[in-house]
Amino acid sequence: MLEPIESLDLILKKEFALQILKGEKNVEFRSMTQHYMNRLFDKKLGDFLDKHADNAEIVAEYGMWGNCDELCPVKTIHFHNYNNDWYLDVEVLYNGYAIANKEGAESLHLYDCYDLDDLVEELDQKDEVDRPVFFTFIISKVLATNLVV
């Protein structure tokens, strides 16, 4: 029922794009803000589930609105800078989300990504209960670019 996003257009710093090209970076993060939620969640599914919230069978089959089951799969990302001086098109293996906690950080270790580890350690030391949540995009390969490494 979820419609995939064929190509997600995202701004990226050139240094991160070069890291992707060199194979040093294979996970891109975006804060779970309303801006990205509006772009990545399937509004039609949310509206459908809201309309049928009292029907347990439908809710069980299609998931609960708000539990990220309505996160649209992203097939590719078109990265570029603000001026469109360069671009980097990549294929996305998987997109999801990660909470800045031990489990969230460890789930990214499968993709050789340790970017959340320091943040998690810092939050653990402060006994922080409220943890940031990030959309994650696992990059499988570079499709096209005009960047030179």
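As the structure is a computational prediction, the values presented were derived from the model and not from experiment.
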Quick check against the 3.5 Å criterion: does Arg39 have a side-chain atom that pairs as donor or acceptor with the backbone of Leu8? no

Approximate separation, where rounding is to 0.5 Å, of Lys25 NZ and Lys22 NZ: 13.5 Å

Under a 4.5 Å side-chain heavy-atom rule over Ile, Leu, Val, Met, Phe, Trp and Tyr, are Ile99 and Ile138 clustered together? no

Between Ile20 and Ile139, is there a side-chain heavy-atom distance shorter than 4.5 Å? yes

Val133 with Phe41, same ILVMFWY side-chain cluster at under 4.5 Å: yes

Quick one, Cys113 and Phe29 - any side-chain contact, counting heavy atoms below 4.5 Å? yes

Run the side-chain contact (heavy atoms from CB on, under 4.5 Å) check on Leu108 and Phe134 step by step: do they pass? CA-CA 12 Å; Leu108 296 172; Phe134 301 95; over 6 Å; no

Should Leu71 and Met37 be regarded as members of a common hydrophobic cluster, given that ILVMFWY residues are connected when their side-chain heavy atoms come within less than 4.5 Å of each other, either directly or indirectly? yes

Arg131 side-chain N/O to Ala100 backbone N/O, donor-acceptor pair under 3.5 Å: yes

For a quick test of reading the model, state the closest non-hydrogen atom pair linking Cys72 to Asn95 and the distance between them. O-ND2, 3.0 Å

Can you check whether Val74 reaches Ser7 side chain to side chain, under 4.5 Å on heavy atoms? no

Between Gly104 and Ala98 the two heavy atoms that sit nearest each other are O-CB, 4.2 Å

Using a 4.5 Å cut-off on heavy atoms from C-beta on, say whether the side chain of Val92 contacts that of Thr76. no

Ile77 vs Phe137, test: side-chain contact (heavy atoms from CB on, under 4.5 Å). Steps then yes/no. CA-CA 9 Å; Ile77 298 175; Phe137 303 91; 3.8 Å; yes

Main-chain N/O of Leu147 paired with Thr145 side-chain donor or acceptor, under 3.5 Å: yes

May I have the list of side-chain donor-acceptor pairs in residues 83-91 shorter than 3.5 Å, sequence neighbours left out?
from	atom 1	to	atom 2	distance (Å)
Asn84	OD1	His80	ND1	2.9
Asp85	OD2	Asn81	ND2	3.3
Asp89	OD1	His78	ND1	2.4
Glu91	OE1	Ser140	OG	2.8

Is any side-chain heavy atom of Tyr111 less than 4.5 Å from a side-chain heavy atom of Thr136? no

Would you say that Gln19 contacts Val149 through its side chain, given a criterion of any heavy-atom pair below 4.5 Å between the two side chains? no

Going from CG on Leu12 to CZ on Arg30, what distance comes out if it is rounded to the nearest 0.5 angstrom? 6.0 Å

Using a 3.5 Å cut-off and no angle test, enumerate the donor-acceptor pairs between side-chain atoms of residues 114-121 and protein atoms at least two apart in sequence or in another chain.
from	atom 1	to	atom 2	distance (Å)
Asp117	OD1	His109	NE2	3.0
Asp117	OD2	His109	NE2	3.1

Hey, quick one: are Leu10 and Phe16 part of the same hydrophobic cluster, counting side-chain heavy atoms closer than 4.5 Å, chains of contacts allowed? yes

Rounded distance [0.5 Å steps], NZ in Lys102 versus CG in Leu123: 15.0 Å

Please identify each residue that fulfils side-chain hydrogen bond (donor to acceptor under 3.5 Å, both in side chains) with Lys75, with sequence neighbours left out. Glu6

